[in-house]
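Worksheet: one structure, shown below.
Start at 1 and go down the list; that is how both ligands and their atoms are numbered. Just so it is clear, the values below take in all heavy atoms, side chains as well, and ignore hydrogens, waters and symmetry mates.
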Amino acid sequence: MTHTKSLHIPVQRTGASRLHTVDWDNLEFGKYFTDHMLVCDYTDGEWREPKIVPFGDLQLSPVALALHYGQTIFEGMKAFRMEDGAINIFRPQKHYERLSLSAERMCMPVIPQEIFIEGLARLVDLDRAWVPGGEGSSLYIRPFMIATEARLRVKVSNNYRFVIVASPAGSYYQQSVRVKVERDFVRAARGGTGYAKCGGNYGASMYPTQRAKDEGYDQVLWTDGKEHRFIEESGAMNVLFVLDGTLVTPPLSDSILDGVTRDSLLTLAVRQGIPVAERPVDVEELRAAFESGRISEAFGSGTAAVISPIGVIGIDGEDYALPTVADRPGTFPGSAPEGRLGPWLKEALEDIRYGRAADTEGWNFIVK
Ligand code: COI
């Protein structure tokens with residue numbers, strides 16, 4: 001897919017680029033932001049003209065509703081510098097659809113598709129020098145929407161601001177992660193906001209995650225809100241297991257985020273003829289799989305994380321280590337080292353994103 005320009009978006013360019021301030025060899029996630037941002041306001045029942053302005057602080061009333069009652073939603077997506085130098089935004093349509101679902105759940109207005117897609121393309125085009133080259137690097141893009149009406153009453157805001165900012169990024173997790181199966185706290189219950197990418201889901205996860213960190217883990221592995229029995233997702237990632245050679249992941253529901261990377265990996269696996277099952281994963285099944293050696297891999301998937309191998313899963317005070325390659329060489333296809341499915345899927349995905357393999361699914365959106 002290649003975009004064509006139609007919508008008028010006025011651009012106010014920065015007078016002083018900060019490009020030279022970036023430490024490109026140490027791209028700490030979310031530390032640097034590109035020179036510009038896109039801003040679009042919603043007032044009197046309408047989205048106004050979007051504009052691109054220099055990156056900078058927002059002016060907000062101290063009683064803007066977002067600050068008090070949490071009407072805030074966001075997306076996380078990426079642009080890649082392809083081998084031929086073109087800039088590729090990965091699956092913007094799918095991110096747009098999820099943002100629209102989040103908006104609906106949080107009683108916020110849906111942003112017109114044209115503003116989202118065209119705004120994204122214009123911003124990335126303008127700041128294209130900020131898209132890093134090199135394996136594993138990308139421009140992380142954060143579209144978000146906040147309620148801006150100044151009121152203290154608990155109510156649906158009449159005014160909103162939609163913003164897109166972008167940040168050059170390396171990988172989110174550098175090493176394999178240790179996750180703790182959470183049996184007390186809940187991320188999302190049926191009927192709640194788990195499937196929406198709203199700020200509150202992340203705010204509510206801080207305390208349990210901090211407790212897990214204090215115990216030596218990196219992340220929580222959430223279980224269902226009713227019985228704490230079935231695996232849901234990890235903090236900033238969906239979660240996938242390789243059980244008896246099948247790629248297994250919990251099915252989507254209203255308490256799980258419909259991850260774009262999750263969807264992409266499942267598609268690639270199916271296309272390769274790898275057995276895939278979207279089905280409930282009982283914690284007891286996981287424990288038994290560790291004890292019988294039926295589990296060979298576990299990894300998280302997400303836009304920021306891409307694929308992040310899980311090294312250890314803590315279940316009720318017991319740590320279970322995933323087998324290392326030395327313990328158990330993999331048997332999966334492809335050129336990825338060690339015949340492991342996680343690295344193979346990551347490579348297959350990155351090959352499409354960087355333009356080394358055919359984009360058979362139409363996922364790439366090339367910014368001319
Ligand atoms: C993403 O993967 O894009 C996320 O939104 C996770 C996290 C950085 C909030």
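Contact atoms of ligand 1 toward Ala304: 1 (C), 2 (O), 3 (O), 8 (C) (distance under 4.0 Å to a heavy atom of the residue). The Tyr202 neighbourhood of ligand 1 comprises atoms 9 (C), with distances under 4.0 Å to a heavy atom of that residue. Atoms of ligand 1 lying under 4.0 Å from any heavy atom of Gly76, numbered from 1 in the order shown and given with element: 3 (O). Shown in contact with Ala236 at under 4.0 Å from a heavy atom are these atoms of ligand 1, numbered in order with element: 6 (C), 7 (C). In the vicinity of Phe74, heavy-atom distances shorter than 4.0 Å reach the ligand 1 atoms 5 (O).
Here Lys197 has side-chain heavy atoms under 4.0 Å from ligand 1, and that is the only part of it that gets that close.
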Practice item. Take Gln71 and Tyr160, measure what side-chain hydrogen bond (donor to acceptor under 3.5 Å, both in side chains) needs, and give me the verdict at the end. Key: CA-CA 9 Å; Gln71 265 186 305; Tyr160 296 87; 3.1 Å; yes
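Defined by atom type and a distance below 3.5 Å, a donor-acceptor pair is missing between the side-chain atoms of Arg142 and Ser167. For the residue pair Tyr217/Asp319, the side-chain donor-acceptor check at 3.5 Å is satisfied.
Applying the salt bridge (charged side-chain N to carboxylate O under 4.0 Å, His left out) test to every pair with at least one member in residues 193-216, sequence neighbours left out, gives these pairs: Lys180-Glu215. Annotation: salt bridge (charged side-chain N to carboxylate O under 4.0 Å, His left out) contacts involving residues 252-276, sequence neighbours excluded, comprise Arg91-Asp263, Lys94-Asp258, Arg190-Asp254, Arg262-Glu278, Arg271-Glu361.
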